[in-house]
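Just below is one structure, and these are the notes that go with it.
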Amino acid sequence: MSTFSIFLVLITIVCFLLIVVIMVQNPKGGGLSSTIGGSQMLGGVQKTTDFLDKSTWTLATILIALILLSSLSFTGTLSDTDSKIIDNTETAAPVSPAAPIQNVPVTE
């Protein structure tokens, strides 16, 4: 398994976790924190909201870092060194200029 494939698996896992954390949150202060109850318990509502907020930012930062690292580790067959377009432009013969058009009188 190549390094790039490992990064793809890690990126997929982080994306799934980020989706789950975002879906648990409610933009109006509800979500998981509102289902716990209105009273402050041990690690109450505010702690849950802070945890979800910090985990969202942490997972987003990890995702960006993994994407950047995976692009550095990518040395696949689709790189620019094996491009057929670049090879064709280097070996193409120079195009000769077109012959000038002569003015031929039209006789009717």
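Note that the structure is a prediction, hence the values are computed from the model and not measured. FYI, side chains are in, hydrogens and waters are out, and symmetry mates aren't considered; it's all heavy atoms of this structure.
Between Leu8 and Ser70 there is no side-chain heavy-atom pair separated by less than 4.5 Å.
Exactly one residue among Leu68, Ile64, Ile62 makes a side-chain contact (heavy atoms from CB on, under 4.5 Å) with Leu66. That residue is Ile62. Each of Val20, Val24, Leu18, Ile19 was scored for a side-chain contact (heavy atoms from CB on, under 4.5 Å) with Ile22, with one residue passing: Leu18.
Taking hydrophobic clusters as Ile, Leu, Val, Met, Phe, Trp and Tyr residues chained together by side-chain heavy-atom distances below 4.5 Å, Leu17 shares a cluster with Val9. Taking hydrophobic clusters as Ile, Leu, Val, Met, Phe, Trp and Tyr residues chained together by side-chain heavy-atom distances below 4.5 Å, Met23 does not share a cluster with Val21.
For Trp57 against Thr61, the heavy-atom pair with the smallest separation is O-OG1, 2.8 Å. Shortest non-hydrogen contact noted between Gln25 and Thr56 is NE2-OG1, 2.8 Å.
Here the straight-line distance linking atom CD1 of Ile6 with atom CG of Leu10 works out to 7.5 Å at 0.5 Å rounding. Of the inter-residue distances, the one linking Leu59 atom CG with Phe16 atom CZ reads 12.0 Å to the nearest 0.5 angstrom. Note that CZ of Phe4 is 11.5 Å distant from CG of Leu72, once rounded to the nearest 0.5 Å.
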